[in-house]
Amino acid sequence: MPSKCAILCEILIAILLPPLGVCLRHGCCSVEFFICLVLTILGYIPGIIYALYAIVFVDRDAYFDEYRRPLYYG
């Protein structure tokens with residue numbers, strides 16, 4: 001479980017660059033990253049909304065196991 005300071009930093013990064021915030025939280029080869037990238041390309045505000053959702057509400061430990069983990073897993 002990340003600390004509150006780490007989540008706050010990820011939220012601030014997600015407001016500036018939404019795909020980067022999701023990449024730090026879920027990894028660069030995850031479904032969440034690609035969804036956020038497409039939404040950011042289509043519109044900046046939907047990318048921010050999805051990035052905040054993916055950082056705050058999606059628990060990556062619930063569905064990642066040894067075989068389905070992102071390249072960077074901190």
Side-chain angles (χ1 to χ4, degrees):
M1 187 86 185
S3 67
K4 292 182 188 251
C5 182
I7 292 175
L8 179 66
C9 291
E10 290 172 354
I11 288 173
L12 291 176
I13 291 171
I15 291 172
L16 297 174
L17 294 169
L20 181 62
V22 175
C23 178
L24 292 175
R25 178 82 170 141
H26 294 284
C28 292
C29 292
S30 65
V31 174
E32 287 84 8
F33 173 74
F34 289 115
I35 292 172
C36 186
L37 184 66
V38 169
L39 286 173
T40 304
I41 290 171
L42 293 175
Y44 186 67
I45 300 298
I48 291 175
I49 292 170
Y50 182 77
L52 294 176
Y53 168 77
I55 290 172
V56 175
F57 294 112
V58 175
D59 185 20
R60 67 179 175 180
D61 296 330
Y63 57 91
F64 283 145
D65 55 9
E66 185 63 30
Y67 302 105
R68 294 181 293 160
R69 62 183 172 86
L71 294 177
Y72 171 73
Y73 187 70

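The residues of the chain are indexed from 1 along the displayed sequence.
Residue Tyr53 is grouped with residue Val31 when hydrophobic side chains (ILVMFWY) are merged at heavy-atom distances under 4.5 angstrom, including chains of intermediate members. Linking Ile, Leu, Val, Met, Phe, Trp and Tyr residues whenever their side-chain heavy atoms come within less than 4.5 Å places Ile48 and Phe57 in a single cluster. Both Val56 and Ile15 sit in one connected hydrophobic cluster of ILVMFWY residues. Membership requires side-chain heavy atoms under 4.5 Å apart, directly or through other members.
A distance of 10.5 Å separates OH of Tyr50 from CD1 of Ile55, quoted to the nearest 0.5 Å. Taken to the nearest 0.5 Å, the CZ atom of Phe33 stands 10.0 Å off from the CG atom of Leu24. Distance check: Thr40 OG1 to Ile35 CD1 gives 11.5 Å after rounding to the nearest 0.5 Å. Taken to the nearest 0.5 Å, the CD1 atom of Ile7 stands 12.0 Å off from the CG atom of Leu12. Rounding to the nearest 0.5 angstrom, the gap separating the CD atom in Glu32 from the NE2 atom in His26 is 5.0 Å.
Listed here is the closest heavy atom pair of Gly21 and Ile13: N-CG2, 3.8 Å. Nearest heavy-atom pair across Leu52 and Ala14 is CD2-CB, 4.5 Å. Closest heavy-atom contact between Tyr44 and Leu17: OH-N, 4.5 Å. Here the shortest heavy-atom pairing between Cys36 and Gly47 reads SG-O, 3.6 Å. Residues Ala54 and Val22 come closest through the heavy atom pair CB-CG2, 4.2 Å.
Checked against side chain to side chain contact (heavy atoms under 4.5 Å, CB included), Ile49 has the following partners two or more places apart in sequence or in another chain: Ile45.
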